[in-house]
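Written below as structure tokens is the structure these notes are about.
If you're wondering where the values come from, they're calculated on a predicted model, not measured in any experiment.
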Amino acid sequence: MSVCSELHPDGPERHVVLVAPEIHWNTGNIGRTCLGAGARLHLIRPLGFSLDSRQVKRAGLDYWDRVAPTVWDSFDAFCQIMAPRDGEVALFSKGGARLFWEMPAPQRMFLVFGSETGGLPDTVVSRHPDACYRIPISSAIRSLNLSTAAGIALYESLRAGRPP
């Protein structure tokens with residue numbers, strides 16, 4: 001039984017997708033959050049670190065082996081195999097047109113985040129131009145930490161997707 005079905009037997013299926021993540025600590029923290037929330041983690045190359053590095057494992061604590069992220073050579077390869085449908089994808093960017101609590105809550109959902117310094121590539125955004133969301137922040141900061149943003153979006157998608 002997968003963690004997702006263990007936590008949500010009749011509930012939502014969630015996938016967190018990191019496109020070209022650069023910082024091992026963020027990826028480890030996001031992996032731990034995915035494991036705790038019953039979501040799957042997908043990493044799109046290039047990665048800014050080695051998955052064998054002790055820093056990634058340290059950030060994921062002793063859970064990293066159970067996170068078992070799927071690594072894809074490209075976003076195209078990911079889309080070809082996972083086949084996300086319209087309405088199942090939410091892209092997160094500080095320039096997103098809609099607020100994150102407006103995202104849909106289908107049974108299966110892919111929450112997609114870009115790299116820490118570059119954000120989402122235009123090639124990814126162009127695939128789902130109407131699915132760009134943002135988490136509001138004050139003008140006091142430039143952006144949220146990637147692992148914080150992923151946690152906020154993941155748990156909001158679970159809250160919104162739970163049965164009444």
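Side-chain atoms of Arg127 never come within 3.5 Å of backbone atoms of Asp122 as a donor-acceptor pair (strictly under, hydrogens ignored). In this structure, Ser126 contributes its side chain and Thr123 its backbone to a donor-acceptor pair below 3.5 Å. Between the side chain of Arg66 and the backbone N or O of Leu35 there is no donor-acceptor pair closer than 3.5 Å.
To the nearest 0.5 Å, the span separating CD1 on Ile23 from CG on Leu47 amounts to 13.0 Å. Note that CD1 of Ile152 and CD1 of Ile135 are 4.5 Å apart. Values are rounded to the nearest 0.5 Å. Residue Leu144 holds its CG atom at 12.0 Å from CZ of Arg134, rounded to the nearest 0.5 Å. A distance of 10.0 Å separates CG of Leu154 from CE of Met109, quoted to the nearest 0.5 Å. Between the OG1 atom of Thr27 and the CD atom of Glu22 there is a distance of 9.5 Å, given to the nearest 0.5 Å. A distance of 6.5 Å separates CG of Leu91 from NE2 of His128, quoted to the nearest 0.5 Å.
The cluster map of Ile, Leu, Val, Met, Phe, Trp and Tyr, joined by side-chain heavy atoms under 4.5 Å apart, puts Leu41 and Trp72 in different clusters. Linking Ile, Leu, Val, Met, Phe, Trp and Tyr residues whenever their side-chain heavy atoms come within less than 4.5 Å leaves Ile81 and Leu111 in two separate clusters. Leu18 and Phe75 are members of different hydrophobic clusters when ILVMFWY side chains are connected at heavy-atom separations under 4.5 Å. Cluster annotation: Val16 and Leu146 are assigned to the same hydrophobic cluster (Ile/Leu/Val/Met/Phe/Trp/Tyr, side-chain heavy-atom contacts under 4.5 Å, transitive). Cluster annotation: Val124 is not connected to Met103 through the hydrophobic network of ILVMFWY side chains, with a link wherever side-chain heavy atoms come within less than 4.5 Å.
Each ring pair (Phe, Tyr, Trp, His ring centres under 6.0 Å) pair with one or both residues in residues 99-124, not counting sequence neighbours, appears once here: His15-Phe110, Phe78-Phe110, Phe92-Phe113.
With sequence neighbours left out, Ser74 forms a side chain to side chain contact (heavy atoms under 4.5 Å, CB included) with Asp76, Ala77. The side chain to side chain contact (heavy atoms under 4.5 Å, CB included) test applied to Pro46 returns Ala20, not counting sequence neighbours.
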**Study point:** Stepwise side chain to side chain contact (heavy atoms under 4.5 Å, CB included) test for Ser147 and Thr33
**Key:** CA-CA 9 Å; Ser147 62; Thr33 300; over 6 Å; no
Practice item. Go through Leu43 and Leu51 one step at a time and tell me if the side chain to side chain contact (heavy atoms under 4.5 Å, CB included) criterion holds. Key: CA-CA 10 Å; Leu43 305 176; Leu51 286 175; 3.7 Å; yes
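Counting heavy atoms from C-beta outward, Ile137 and Arg142 have side chains that stay 4.5 Å or more apart. Residues Pro121 and Val19 form a side-chain contact, since some pair of their non-hydrogen atoms from C-beta on lies under 4.5 Å apart.
The two residues Arg40 and Cys34 come nearest to each other via the heavy atoms O-SG, 4.3 Å.
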